[in-house]
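What follows is a short report on a single structure.
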Amino acid sequence: MLTRVREYLSAERADAIIVPSNDPHFGEYVQKHFCIRALLSGFDGSAGTLVITLSEAALWTDSRYFIQAEEQLHGTGIHLMKMGVDGVPDIVSWLNDRIDRGGAVLLDGALFSAADYASYRKSLNTRVVGIADPFDTILPEREPLYFRPVILHKESYSGLSVTAKRKIIFAGDRNDLRICRILTRCDDIMWLCNIRGSDVDYNPVALSYALLFRDKILLFACKEAFEEPALEYLVSQQVEILPYNSFYDVCEKLASDDSIHFLSPASSTSMRLESIFADAKHFGYETRTEGEVAYRKSIKNSVELEGFRKANLLDGIAWCRILKYIEDNIASGTLNEHSIAQQLVAYHSASPDYSGESFEPIVAFNANAASAHYSAGSDEEAAVVTAQGFLLIDTGAHYPFGTTDTTRTIPLSELTSTQIADYTAVLKGMIELSMATFVKGTTGYQLDILARQPLISRGRLFFHGTGHGIGHYLCVHEGPQSIRMDRDSGVALLPGMVQSNEPALYIEGEYGIRTENVLIVEHFTENEFGTFYRFETLTLVPIATSCIDCEQLGDKCVEWLNNYHKRVYEKIAPHLRDEEAIWLKNKCRPI
């Protein structure tokens, strides 16, 4: 396949092409139609950028995928570039060392933000040429696009009508301006229009674009895929559906209307889209990088929050059953990573409200867990799980009223003192962040150290983010807020935001440990010193206590854990069978 790409480069008199992971909607997951980087390289992690020249190829990815990428790129001739590691060049430096001035680097203008395109143009010694998608011709075997049914997301779940959401979004704008917000992120559009789809694995979204006006919405999607209740509702909310493929044509026509002030989120405005509006009289970026819609979507209303609580209750029931199942069967020698994942899906799907997994279940035994997003795709690929070391499980589900994401690390045998200390440090970080009280205006970047300090004090560290936002029956990874050490989103944590809390530790070749709960930001108090917030914990899943060093954990964290387990038992036990409730009571006993 690389040979075909190089033949294309030669025919275009170009020297290189940059192939990202995303689609034109800039989502985390994409249809196979857009998985060109994975098709060309063999690396199927969700994040990575492939660069192909006439004689070389290299792939850049982050620390979550170092181990996986090394395995999948072996023998391909593609060099792995570990982002963030000292001495590893970035894409610009690598290309500048290989291509003379006057050369040409190609990229698909619909897949790169205008900001990234401008950065490449400024930094590369060569010409940067925006092109249309060339891979229908280069790779005729690529998967076709598909459009699956689109359903109505009832206001009894969403808490707000589309009309009400429009009013909220435009509340801060001047009434005398005719404003049009340009939306390309499918989850923003699903939330705005109170609809859900299934065009992308694990994300309940329909492929779509939208133009949002104060009094109407132009929705670009496959109308034939919409169920009748959704169509009727959208008409009542002043939403007009136009063909998915007509989006750019309609934008070109509207761009010449000098009465419209166009606003687009900087993070998801593609080079192609910006070029369409280059000559528009009034075009600019939203004040918020991710856009006003994404920001409003991140602050859940009371109906959505109650839905999250219900979703986590159902998830807790399924989790208790899988944990007991593993404990009951570990000695049999019949368990493997894939079979456990499938059993967990079965427990999730036992609820009539279950609407699918929120991401591919991660079940990783010992050394496999050192790869943060490892997942066995079949029984043949999976490791047999025995009573030895750690088993890490990270899973989540969708329900019409909420989305879940939980990780537990299970001790399967007696552990070494180092393993116990590592497990305790990770747990302590999770609890310390859960107990945080903070002043209004605080960002996740400022709180991140609370989750990392117990590890740092032992000379340990993890390199992914500590926490991400979670969508309401939408994408399990949602912004614009985050909790991480490497960059500040600039978005303050506000009441109603739903946030994961997942410190971790990965020892390559040995084990991985991660403990994850989901939190709601809530109001704490307001006085002459300011406004203060804290977290409510949503997750209702017992945490293994047999491998905790109580002295290392500390009295305050022990007290928090005992109170947490008391609440887990009180909430979950009434929904379990007698023998399950007895098992849970044992797991939730105070330490």
Side-chain angles (χ1 to χ4, degrees), residues 23-27 30-31 34 110 145-155 157-170 173 178-200 203-255 257 260-265 268-270 272-273 276-277 286 290-297 471-475 478:
D23 63 10
H25 304 282
F26 294 91
V30 301
Q31 278 196 22
F34 295 108
L145 276 179
Y146 56 79
F147 299 92
R148 291 173 175 161
V150 180
I151 62 172
L152 173 65
H153 189 57
K154 297 178 181 178
E155 290 178 15
Y157 295 136
S158 71
L160 289 169
S161 68
V162 175
T163 301
K165 291 177 182 180
R166 284 205 319 269
K167 290 180 180 178
I168 291 170
I169 291 162
F170 284 97
D173 297 321
R178 187 183 178 202
I179 294 172
C180 173
R181 286 186 157 88
I182 304 166
L183 304 178
T184 61
R185 291 188 184 272
C186 299
D187 60 326
D188 288 349
I189 296 164
M190 298 299 103
W191 174 83
L192 174 66
C193 294
N194 282 343
I195 53 177
R196 297 295 186 268
S198 55
D199 288 348
V200 179
N203 291 349
V205 301
L207 291 181
S208 53
Y209 302 96
L211 297 175
L212 169 60
F213 294 86
R214 199 185 301 270
D215 59 345
K216 66 179 180 180
I217 299 171
L218 301 182
L219 172 62
F220 299 83
C222 179
K223 188 173 184 178
E224 292 73 20
F226 282 67
E227 294 186 354
E228 194 61 33
L231 290 173
E232 293 175 358
Y233 176 78
L234 292 175
V235 169
S236 75
Q237 300 295 306
Q238 296 77 51
V239 180
E240 179 183 357
I241 303 176
L242 300 173
Y244 174 77
N245 288 326
S246 69
F247 172 66
Y248 291 108
D249 290 339
V250 172
C251 285
E252 286 179 354
K253 292 177 182 176
L254 290 177
D257 188 334
I260 302 176
H261 292 249
F262 297 96
L263 292 174
S264 186
S268 56
T269 302
S270 69
R272 179 180 181 184
L273 196 56
I276 289 174
F277 289 95
E286 295 255 29
E290 300 288 337
E292 191 68 20
V293 173
Y295 178 72
R296 297 297 176 183
K297 170 168 59 70
H472 180 258
Y473 186 27
L474 275 172
C475 301
E478 179 181 274

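Every value quoted in this text rests on a predicted model; they were computed, and no experiment measured them. Index from 1, following the sequence.
- For the salt bridge (charged side-chain N to carboxylate O under 4.0 Å, His left out) criterion with K297, the lone passing option out of E290, E292, E478 is E478.
- Between D173 and R214, none of the side-chain N atoms (NZ, or NE/NH1/NH2) sits under 4.0 Å from a carboxylate O, so this pair counts as no salt bridge.
- Taking CD of E224 as the reference point, atom CG of L231 lies at 9.5 Å (rounded to 0.5 Å).
- With contacts defined as side-chain heavy-atom distances shorter than 4.5 Å, the pair D23/Q31 does not qualify.
- Counting heavy atoms from C-beta on, the side chains of N194 and K165 come closer than 4.5 Å.
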_Worked verdict on Y473 versus M190 for side chain to side chain contact (heavy atoms under 4.5 Å, CB included)_ = CA-CA 10 Å; Y473 186 27; M190 298 299 103; over 6 Å; no
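- Using modelled atom types, one side-chain atom of S270 and one backbone atom of L273 make a donor-acceptor pair closer than 3.5 Å.
- One finds the NZ atom of K167 at 13.0 Å from the CD1 atom of I169 (value rounded to the nearest 0.5 Å).
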*Give the intermediate values and the outcome of side chain to side chain contact (heavy atoms under 4.5 Å, CB included) for residues C251 and F262.*
CA-CA 10 Å; C251 285; F262 297 96; over 6 Å; no
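- Side-chain contact between I195 and Y233 is absent, with no heavy atoms from C-beta onward closer than 4.5 Å.
- Here the side chain of S208 pairs no donor or acceptor atom with the backbone of A221 at under 3.5 angstrom.
- Separation of atoms NZ (K216) and SG (C180) is listed at 9.0 Å; rounding is to 0.5 Å.
- Checked against the 6.0 Å centroid threshold, F220 and H25 do not count as a close aromatic pair.
- Side-chain contact between N203 and C186 is absent, with no heavy atoms from C-beta onward closer than 4.5 Å.
- Listed by chain and number, the residues in a side-chain contact (heavy atoms from CB on, under 4.5 Å) with L263 are I179, R181, E286 (sequence neighbours excluded).
- The shortest non-hydrogen separation linking L212 to I217 is CD1-CG1, 3.6 Å.
- In this structure the side chain of Y209 reaches within 4.5 angstrom of the side chain of P24, judged on heavy atoms.
- When all heavy atoms of R166 and Q237 are compared, the pair lying nearest together is NH1-O, 2.9 Å.
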*How far apart are the C-alpha atoms of V293 and I189, what are their side-chain angles, what is the distance that settles it, and do they pass the side chain to side chain contact (heavy atoms under 4.5 Å, CB included) test?*
CA-CA 8 Å; V293 173; I189 296 164; over 6 Å; no
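- For the pairing with L211, the side-chain contact (heavy atoms from CB on, under 4.5 Å) check across L183, L254, L219 returns one residue only, L254.
- Taking each heavy atom of Y146 and S198 in turn, the nearest pair found is CE1-O, 4.4 Å.
- For the atom pair CG of D188 and OG of S268, the computed distance is 7.0 Å after rounding to the nearest 0.5 Å.
- Qualifying side chain to side chain donor-acceptor pair (under 3.5 Å) partners for R148, counting only residues two or more places apart in sequence or in other chains: none.
- Among residues two or more places apart in sequence or in another chain, the ring pair (Phe, Tyr, Trp, His ring centres under 6.0 Å) test is passed with Y157 by H153.
- Proximity of F34 to L145: side-chain heavy atoms (C-beta onward) are separated by under 4.5 Å at one or more points.
- Taking each heavy atom of C475 and D187 in turn, the nearest pair found is SG-CB, 3.7 Å.
- Of all the heavy atoms in R185 and F26, the pair that sits closest is NH1-O, 2.6 Å.
- E227 has its side chain out of reach of L152: every pair of non-hydrogen atoms, C-beta onward, lies at least 4.5 Å apart.
- Side-chain contact between L218 and F213 is present, with heavy atoms from C-beta onward closer than 4.5 Å.
- Residue L160 comes nearest to S158 through the heavy atom pair O-OG, 3.0 Å, listed as atom of the first residue, atom of the second, then distance.
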